[in-house]
Structures are given as C-alpha cells and as structure tokens.
Amino acid sequence: MAVTYSIPRGTYDILPDKSFIWQYVQGLFRETAAEFGYSEIVTPIFENADLFERSVGDTSDIVEKEMYKFHDKKDRVFALRPEGTAPVVRSYVENSMHTLGGIQRLYYMGPMFRYDRPQKGRYRQFYQYGVEAIGSNHPYIDAEVIALQYTFLKKLGLKNIQLEINSLGNKASTDSYNKALAEYYAPHADKLCYDCSIRLEKNPRRLLDCKVPTCKELVAEAPVMLDYLDEECRTHFESVQTYLKGMGVEYTINPRIVRGLDYYTHTAFEFLNNYLGSQNAVGGGGRYNSLVEQIGGKDAPGIGFAGGFERLLLSLEEENLFMGNSFHPDVYVAVLGEESLLKAVHLMQQLRLKGIKVEYDPDKNSMKAQMKAADKAHATYALIVGENEINSGLYVLKTLTEGKQESLSLEDIITRLGR
RNA sequence: GUGGCUGUAGCUCAGUUGGCAGAGUACUUGAUUGUGGCUCAAGUUGUCGUGGGUUCAAGUCCCAUCAGCCACCCCA
C-alpha cells in the first residue's frame with residue numbers, strides 16, 4: 001500500500017515561499033564577494049575522510065563524532081564535507097594555484113554535513129557561505145576578510161550583530177600560553193569538570209570555552225592569550241585593528257575566542273547574534289598559516305571565514321527583514337472559451353520571449369476564478385483573452401492594484417511590459 | 001551522545017473523570033452570463049506522528065519508536 005516517506009532527520013526542504021529569500025541572500029553574498037575581488041570555487045560535496053581528519057583536528061568533535069563517513073564500492077573512505085576550508089585548500093594545492101602568483105581570493109557556497117543532534121539553527125545538512133584568501137600574511141588581508149563578512153551582514157540590514165576578534169598567535173606563543181594555562185590549572189585540576197580535565201591534556205585552549213560555573217570561575221583568573229603574544233604577533237594584531245578602523249568596521253576584542261577547528265593561528269573572529277539561543281554564532285573565521293603545508297602544499301599563509309545561511313535567515317526573520325517578498329508574475333492570463341486558448345498560447349509565448357513573466361491556469365474556466373487567481377498570484381496585470389479580443393485584435397490589460405483597464409494590441413502590450 | 005517539553009485538517013490550535021474528531025484559517029463553488037481584493041452562504045479536507053498494550057470503549061491511560069523544539073555539548 002501507500003508507503004510514506006519522510007525527510008531525513010536534521011534536514012529540511014526549501015519551499016517556493018522561502019526560496020525567493022534564499023536566492024536574494026545568496027545573490028547578495030556573491031555580489032559582496034565580487035566587490036572585494038573574490039571568485040567562486042566549487043568543490044565536491046564529499047572528499048577523502050582523512051583530509052578532514054588531518055586538517056580540522058582529530059580531537060575536534062567534528063571529526064570525532066560528527067562526520068558522515070562512508071565506504072564506496074572499492075572500499076575508499078570518504079566523508080560528506082563538514083566544513084569548507086579544507087576542501088578549498090586541497091584544491092588550491094592540487095591545482096598548484098600558488099603558481100598563479102599573488103593572493104588567491106576564493107569564495108564558496110553550499111551544503112555542509114554534520115551528524116549532530118538537530119536544534120533550531122542547527123541542522124545535519126546546512127548551508128554555508130565562506131571565503132578563503134591564500135598567499136599573504138599581510139594584516140590588511142585579515143582586515144579585508146573580516147570586512148567582507150561585515151559588509152555582507154550590514155547590507156542585509158542586520159543590526160543586532162556583534163563582531164568579536166582575538167589573536168591566537170603563532171605556534172611559539174601558543175605553546176608558551178598552553179604551558180602557562182597548564183601551570184595555572186594544575187593546582188585546580190580536581191575542580192574541573194570532566195570535559196575540562198580532558199581538555200587540559202589535549203587542547204588547553206578550549207578550557208576557556210567551558211560554561212560550567214566552577215570552570216568559569218577559574219577562567220576568570222586564568223592567564224590571557226593576548227599577554228603571551230610575541231612582538232610579531234602583537235604588531236600583526238594591532239595592524240589588523242588599524243585597518244578595520246580605517247574601513248569603519250566596528251568590533252570588540254574578546255580574548256576568549258578560541259574557535260573549534262585546530263588549524264587556526266593569529267587572527268580569530270566571530271559574528272554573534274544574541275537572540276538565537278545557544279546557536280548564536282552566525283559566522284566566524286580566522287587565519288590558518290600552516291594548513292596549506294599540512295595538507296601537502298608549498299607553505300602558504302591563509303585566512304578565511306564561514307557563515308551559516310540558516311542562522312542568517314533566522315536573524316532576518318527576527319529583525320523583520322525581507323519577509324514579504326515572493327515570486328509574482330507580470331501577467332496573469334485569463335482565457336474565455338475553449339477556442340480562445342489556441343490564440344492565447346501564441347500570445348503568451350510572444351510575451352515570454354520578450355522576458356515577461358506569464359502565468360495561466362488551464363483548470364480555471366470562469367472569469368471570476370481566473371481573476372481571483374490573478375489576484376492571489378500577486379500578478380501586476382491581468383490579460384483577458386476572449387472572443388471579443390480575438391475578433392478585434394485588442395486585448396484587455398488590467399492593472400490589479402488600481403483596477404484600471406484598457407484595450408491594447410500585442411505590440412502595445414509588449415512595448416508597455418517588455419524589457 | 002545526555003536530560004526535558006511537544007506531536008490532532010495544508011497552516012494555527014481546542015478536545016473536560018476514557019464515551020459520535022472540532023474551531024479559525026486556507027481551498028472549491030455560489031450570491032455577480034466576461035472582471036479579483038471586502039462581505040455573506042454552502043461544501044471538501046483527518047492512517048489523531050508510528051507500532052504495540054490495558055479496556056466493553058483510547059485523541060485521552062501505559063510501553064516502545066520516530067520527529068520537532070529547549071537545555072547540555074558543539075558549532076554555522
């Protein structure tokens with residue numbers, strides 16, 4: 001009998017009433033990226049699993065428990081991509097993009113996959129947009145990447161979004177900081193929560209992220225990363241800020257920003273939105289100066305960000321932006337009488353060839369039903385094709401907002417509406 | 001992966017101590033022979049998330065399961 005299928009957990013359909021907004025938002029991102037000189041790169045949705053295991057960090061949650069891993073028929077091990085940076089860097093290396101000279105400015109958009117428990121603003125298949133700038137360690141590039149995302153969010157009209165930045169330093173300053181953290185925490189080890197006791201061993205930085213009250217107390221007194229930056233890292237971070245100010249980008253410094261992926265160095269940043277509950281990160285990124293080499297390429301510095309479209313749309317909804325938009329035809333055609341249809345299909349096609357959006361419903365016959373449908377479709381005009389019109393060659397064109405109508409020839413209709 | 005709340009018409013939801021499955025909205029038609037929006041009238045729409053159990057009788061009680069939401073976790 002009838003088998004019913006349901007969508008996989010943590011996924012969703014984008015229906016026509018929402019796809020309009022998706023197109024708008026995606027288009028705006030493309031535009032903004034282009035204004036900053038970025039070109040699109042498209043990579044596969046799955047990659048060798050170890051690409052992510054090695055780059056993202058095998059102690060990270062993403063790799064430990066959130067990857068959609070599978071074997072193909074020849075037993076190769078792949079993973080649905082959980083994030084966008086590693087594939088882009090893989091492509092950069094594989095296509096020897098360093099030989100193109102200069103800075104490679106790349107952007108991407110598309111679905112990512114993580115096997116996580118779904119919640120509002122958190123899905124198993126979710127859509128990200130992001131950029132990567134590979135080939136320069138200049139602090140201007142850090143500022144450029146941050147400014148790109150900032151500009152995009154501003155253009156959408158979002159107001160309640162904060163930018164927080166931090167510097168994680170280079171390998172040397174990270175090492176000395178980790179050491180200082182370990183020393184600080186050693187006498188308090190028994191007070192840490194279970195997760196933190198593991199973090200202390202594996203990745204002390206992440207201790208700063210903990211929300212358990214007793215751990216938070218300890219974090220308050222803990223050494224601050226920024227105090228452990230060496231001269232070079234400090235001036236880099238300061239220059240980034242100088243350029244951000246020069247571009248009018250508003251930010252605050254948050255020394256606790258850590259970022260979840262292991263490859264980050266130097267500049268790290270997050271865009272936060274305070275009404276999405278615990279899913280408050282709408283985007284973020286940072287510098288990854290050793291990732292290219294780690295993936296097997298000629299050493300090259302890079303920086304990038306990623307943002308989630310779903311959380312963006314939730315933010316837009318929250319701020320009542322772009323809620324009323326949807327597709328609507330220019331002309332809804334009302335056909336009266338079976339014999340008129342043949343003439344009407346010809347007319348409709350002439351209009352479409354001129355770039356006019358035409359809609360017609362063959363299952364509605366009465367004038368009333370068709371006018372009603374025209375109204376519901378939010379058409380700009382109704383075009384009436386009946387016996388009288390066909391005989392005279394003048395068709396009734398009616399504006400649906402004002403209710404004015406006049407009889408026009410096909411040529412006049414096209415000059416009125418065509419583009 | 002852990003804990004909690006919820007699941008009834010396309011949508012939003014009501015449904016009393018277990019006793020005929022409801023409202024609003026949407027949709028279709030009519031009032032108006034070829035003119036929409038407002039109004040009025042009539043009509044259509046249900047595996048009560050799914051599977052089992054208790055009972056004369058289950059939307060209601062019990063168990064399991066699936067899904068959404070919330071918190072944790074993590075992050076987009």
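Sequence lines set the chain letters: A, B, ... in the order given, protein chains first and strands last, and positions in each chain run from 1.
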- Message: If you take the centroid of each ring, where Trp contributes its six-membered ring, are A:Y129 and A:F309 closer together than 6.0 Å?
- Response: yes

- Within less than 4.0 Å of OP1 or OP2 of B:U35, is there a side-chain N or O belonging to A:Q370? no

- Query: Nearest-Å distance, CD (A:E310) to P (B:A76)?
  - Reply: 12 Å

- Message: For A:Y251 and A:Q162, which I'm curious about, is there any donor-acceptor pair between the side chains at under 3.5 Å?
- Response: no

- Closest to the A:R122 side chain: B:C73, B:C75, B:G34? B:C73

- Mind checking the P distance from B:U39 to B:C48? Whole angstroms is fine. 34 Å

- Note on the structure: note: A:L314, atom CG; B:G68, atom P; distance rounded to Å ~ 15 Å

- Nearest-angstrom distance, C1' atom, B:U54 to B:C69: 31 Å

- Just name whichever nucleotide pairs with B:G24, Watson-Crick or G-U, keeping both distances under 3.5 Å, else none. B:C11

- Query: In whole angstroms, how far is the P atom of B:G34 from the CD atom of A:E339?
  - Reply: 14 Å

- Query: Would one find a side-chain N or O of A:R117 under 4.0 angstrom from OP1 or OP2 of B:C73?
  - Reply: no

- Query: What integer distance in Å separates A:F309:CZ from B:C75:P?
  - Reply: 21 Å

- In the strands shown, is B:A41 matched to any nucleotide by a Watson-Crick or G-U wobble pair with both distances under 3.5 Å, and which? B:U29

- Within the structure shown, what part of the strands sits under 4.0 Å from A:I7 by heavy-atom distance: base, sugar-phosphate, or nothing? nothing

- Minimum-distance nucleotide to A:K372 side chain [options: B:C69, B:G37, B:A67]: B:G37

- P atom, B:G18 versus B:C11: distance in rounded Å? 29 Å

- Item | Touch class at under 4.0 angstrom, heavy-atom based, for A:G10 against every strand present | sugar-phosphate

- Message: Looking at B:C69, which nucleotide sits across from it as a Watson-Crick or G-U wobble partner, both distances under 3.5 angstrom, or is there none?
- Response: B:G4

- Query: Do any side-chain nitrogens or oxygens of A:K364 fall under 4.0 Å of OP1 or OP2 in B:U28?
  - Reply: yes

- Query: Pick one: which of A:V240, A:N289, A:L229, A:I303 meets side chain to side chain contact (heavy atoms under 4.5 Å, CB included) with A:H266?
  - Reply: A:N289

- If we take the C1' atom in both B:U8 and B:U45, what is their distance in whole Å? 14 Å

- Take atom CG of A:L15 and atom P of B:C11, then tell me their distance rounded to the nearest Å. 11 Å

- Roughly, in whole Å, what's the span from CE in A:M371 to C1' in B:U28? 19 Å

- Would you kindly give the CZ-to-C1' distance between A:F113 and B:C75, to the nearest whole Å? 17 Å

- Indicate, with a heavy-atom threshold strictly under 4.0 Å, whether A:G130 touches base, sugar-phosphate, or nothing. nothing

- Which of B:U29, B:A76, B:U35 is nearest the side chain of A:R114? It is B:A76

- Note on the structure: d(A:N166 CG, A:E270 CD) to nearest 0.5 Å is 9.5 Å

- Would you state whether a donor and an acceptor, one from the side chain of A:Q405 and one from the base of B:G36, lie under 3.5 Å apart? no

- Note on the structure: Checking A:Y107, A:Y92, A:Y288 against A:E132 for side chain to side chain donor-acceptor pair (under 3.5 Å), the one that qualifies is A:Y288

- Message: ring pair (Phe, Tyr, Trp, His ring centres under 6.0 Å), that's the test. Do A:F327 and A:F20 meet it? Break it down for me.
- Response: CA-CA 7 Å; A:F327 169 82; A:F20 185 90; 8.3 Å; no

- Note on the structure: The answer to which of A:S366 and A:G386 contacts RNA chain B further toward the 5' end, by nearest nucleotide, is A:S366

- Query: Between A:E250 and A:K245, is there a side-chain N and carboxylate O pair less than 4.0 Å apart?
  - Reply: no

- Message: Taking B:C5 as the reference, what is the distance to B:G24 when you measure between their P atoms (whole Å, please)?
- Response: 33 Å

- Looking for any heavy atom pair under 4.0 Å, which part of the strands does A:K398 touch: base, sugar-phosphate only, or nothing? base

- Query: Hey, does A:G337 reach any base, or is it just sugar-phosphate, or nothing, if we go heavy atoms under 4.0 Å?
  - Reply: nothing

- Inter-nucleotide P distance (B:G4, B:C62), Å rounded: 15 Å

- Item | Upstream residue (5' side of RNA chain B) when A:V396 and A:P118 are each assigned their closest nucleotide | A:V396

- Item | Among B:G34, B:U35, B:A76, the one nearest A:N388 by side-chain distance | B:G34

- Message: Quick check for you: among B:C69, B:G1, B:G34, whose closest atom lies nearest to any side-chain atom of A:L336?
- Response: B:G34

- Note on the structure: Ranking B:C72, B:G36, B:C75 by distance to the side chain of A:Q119, first place goes to B:C72

- Item | Listed nucleotide nearest any side-chain atom of A:Y115, set B:A76, B:G1, B:G34 | B:G1

- Item | A:Y123 and A:Y12 aromatic centres sub-6.0 Å | yes

- Query: When you measure from the side chain of A:N280, which nucleotide among B:C69, B:U35, B:C75 comes out closest?
  - Reply: B:C75

- Query: In Watson-Crick or G-U wobble terms, both distances under 3.5 Å, what is the partner of B:U17?
  - Reply: none

- Task: Using the C1' atoms only, state how far B:A21 lies from B:A58, rounded to an integer number of Å.
- Result: 13 Å

- Message: Does the structure show a Watson-Crick or G-U wobble partner for B:C75, both distances under 3.5 Å? Name it, or say none.
- Response: none

- Task: Between B:U60 and B:A14, how far apart are the P atoms? Round to whole Å, please.
- Result: 16 Å

- For A:S340, answer base if it contacts any base atom (sugar-phosphate contacts may also be present), sugar-phosphate if it contacts only those atoms, and nothing otherwise; contact means non-hydrogen atoms under 4.0 Å. nothing

- Query: With a 4.0 Å cut-off on heavy atoms, is A:E387 in touch with a base, just the backbone sugar-phosphate, or nothing at all?
  - Reply: base

- Message: At less than 3.5 Å, do the side-chain atoms of A:K368 and the base atoms of B:U35 form a donor-acceptor pair?
- Response: no

- Query: What is the distance from CG of A:D375 to P of B:C27, rounded to the nearest Å?
  - Reply: 11 Å

- Message: Any donor-acceptor pair under 3.5 Å linking the side-chain atoms of A:N170 with those of A:T265?
- Response: no

- Task: Name the pairing partner of B:A58, where a pair is Watson-Crick or G-U wobble with both distances under 3.5 Å, or state none.
- Result: none

- Task: For A:Q125, report the nucleic acid contact type (base, sugar-phosphate, nothing); a contact means any heavy atom under 4.0 Å.
- Result: nothing

